[in-house]
Amino acid sequence: MRNATELKPGEVRLGVVQWLVRNFASVEIFLDKIEHQIQSFANYGVDFVLYPEYFSMPLLSLFPGAKERERLVAMTGITNHLMEEISRMANTYQVNVITGSIPELSPAGELRNATYLCRRDGSVEKYLKIHLTPYEKHAWHMAPGNKLGVFDTDCGRIGIQTCYDVEFPELGRLYADSGVQILFVPFSTDSQEGFFRVRHCAQARAIENECYVAIAGCVGYMPEVSAIEFQYGESAIFTPSDYAFPQGAVKSQLPANVESIIVSDVDLELLHNLHHRGSVRNLQDRRKDLYHLEATEKLKLPLEIELDLDNPLSNS
């Protein structure tokens, strides 16, 4: 693991997992694979590890059921065990882990798409996918979340949006207004068309909101589970588009449909410089005298602190 002397102020090291769907003979074998990965990321000095949406879906093969929704409900019986173990790993190896998404049941018995932030200090928080796809709504009868996924961490203020969520620019702007510097987007797409919707929208969020966006997806073919029978993905880290950032606004990107990882550094100081000295300044130049965006009472922000453009590390 890196020690503090190796870190520049505002520098954050990201790890992104491009996850190959496959059969697991048991839950413990699944968790063993995750632990080996998190330990390896810790050896690289990573601050955050991002897993894809529905990366736990291969475990459905362990839960028989007449319908896929029944199998999902059965699988929620191990959700707490999965989260306890991944939280232990995050604390043991001192890496913040974003779990992609795992199905869970609400106290009222509603099926939900949940992503967990397992901090390296042992604390755990949860984000529920706000925008459900037609398939999630009509085939699985899932219930949506209604709270923004904005969280303070030891490496700054981050946001989580799950797959379809990133295709709604209003949501990303609310995150930017609450000071998010790194947006994490776990996704699961079964076609190139679906993937490119996620990719292009994620790139737009990075540019228009002057932040970093990391996306992580599943890849491969698993006919035993129809929900992930086909998976297409190209995981990546996107940046704003200006002189201080890579040409094309892509920090790192994996090739399609191979199991692999990204380890890459992002610099929060560059975001501060962009806010003040960028060739264009999307956040500052908005015409708030003509239009504005605000959350309803139902969509309460967990943090009511707006981005301080005069302090580069105000949200760190």
Side-chain angles (χ1 to χ4, degrees), residues 15-41 49-90 97-105 111-116 118 126 129 132-133 135-136 139-142 162-164 184-192 194-195 198 215-235 254-262:
V16 175
V17 178
Q18 188 152 288
W19 180 266
L20 179 67
V21 295
R22 62 175 70 136
N23 274 307
F24 290 93
S26 70
V27 173
E28 296 314 312
I29 292 174
F30 172 79
L31 287 168
D32 187 58
K33 177 178 175 63
I34 294 170
E35 182 152 16
H36 280 298
Q37 288 182 332
I38 291 174
Q39 183 177 20
S40 294
F41 278 119
V49 174
L50 174 64
Y51 280 93
E53 180 184 32
Y54 291 136
F55 82 115
S56 61
M57 278 294 197
L59 295 178
L60 281 186
S61 63
L62 302 176
F63 296 92
K67 296 181 179 179
E68 197 165 69
R69 188 183 191 279
E70 294 173 359
R71 299 169 75 186
L72 281 166
V73 171
M75 184 178 157
T76 63
I78 64 166
T79 296
N80 285 342
H81 176 57
L82 294 178
M83 297 325 306
E84 288 170 0
E85 283 299 297
I86 295 173
S87 177
R88 174 190 62 77
M89 297 172 201
V97 180
I98 298 162
T99 64
S101 70
I102 299 173
E104 68 155 38
L105 279 184
L111 190 61
R112 306 189 295 197
N113 185 336
T115 296
Y116 295 84
C118 299
K126 177 170 61 180
K129 188 175 183 179
L132 299 176
T133 64
Y135 192 86
E136 288 173 312
W140 295 342
H141 306 291
M142 280 188 158
T162 305
C163 198
Y164 196 29
F184 293 96
V185 181
F187 73 89
S188 171
T189 51
D190 60 4
S191 66
Q192 287 182 310
F195 164 71
V198 171
I215 66 172
C218 292
V219 298
Y221 173 61
M222 190 174 176
E224 300 89 341
V225 179
S226 61
I228 54 169
E229 181 177 6
F230 299 101
Q231 291 287 282
Y232 182 93
E234 300 173 31
S235 302
L254 292 174
N257 289 345
V258 296
E259 184 173 33
S260 191
I261 65 166
I262 294 171

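Predicted model only: the values in this text are computed from it and were never measured.
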[X] side-chain N/O to [Y] backbone N/O, donor-acceptor pair under 3.5 Å:
X	Y	answer
Trp19	Pro52	no
Thr115	Gly100	yes
Glu104	Arg112	no
Glu136	Thr133	yes
Ser191	Gly194	yes

Less than 4.5 Å apart, any side-chain heavy atom of [X] and any of [Y]?
X	Y	answer
Met222	Asn23	yes
Val49	Ile98	no
Val225	Pro58	no
Phe55	Ile102	yes
Glu229	Tyr221	yes
Ser235	Val17	no
Val97	Met89	no
Phe30	Ser56	yes

Specify the closest pair of heavy atoms between [X] and [Y], including all atoms of both residues, with the distance to one decimal.
X	Y	result
Ala227	Glu68	N-OE2, 3.0 Å
Leu62	Val27	CD1-N, 3.8 Å
Arg69	Ala139	CB-O, 4.2 Å

Review point. Taking only residues two or more places apart in sequence or in another chain, which ones pass side-chain contact (heavy atoms from CB on, under 4.5 Å) with Ala256?
Key: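 Tyr232, Glu234.
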
Check your understanding: Which residues pass the side-chain contact (heavy atoms from CB on, under 4.5 Å) test with Val219, sequence neighbours left out?
Key -> Gln18, Leu20, Asn257

**Study point:** Proximity of Tyr51 and Tyr116 rings by center, below 6.0 Å
**Key:**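 No, ring centres 6.0 Å or more apart.
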
**Study point:** Positive for side-chain hydrogen bond (donor to acceptor under 3.5 Å, both in side chains) with Glu53, one of Asn113, Thr162, Thr99
**Key:** Asn113

Exercise for review: Please report the C-alpha distance between Tyr54 and Leu60 in whole Å, then the side-chain angles of each, then the deciding distance to 0.1 Å, and finally whether the side chain to side chain contact (heavy atoms under 4.5 Å, CB included) criterion is met.
Suggested key: CA-CA 11 Å; Tyr54 291 136; Leu60 281 186; over 6 Å; no

Practice item. For residues 20-41, pull every pair meeting salt bridge (charged side-chain N to carboxylate O under 4.0 Å, His left out), keeping only residues two or more places apart or in separate chains. Key: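 Checked against salt bridge (charged side-chain N to carboxylate O under 4.0 Å, His left out) - neighbours excluded - the pairs reaching residues 20-41 are Arg22-Glu259, Lys33-Glu259, Glu35-Arg88.
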
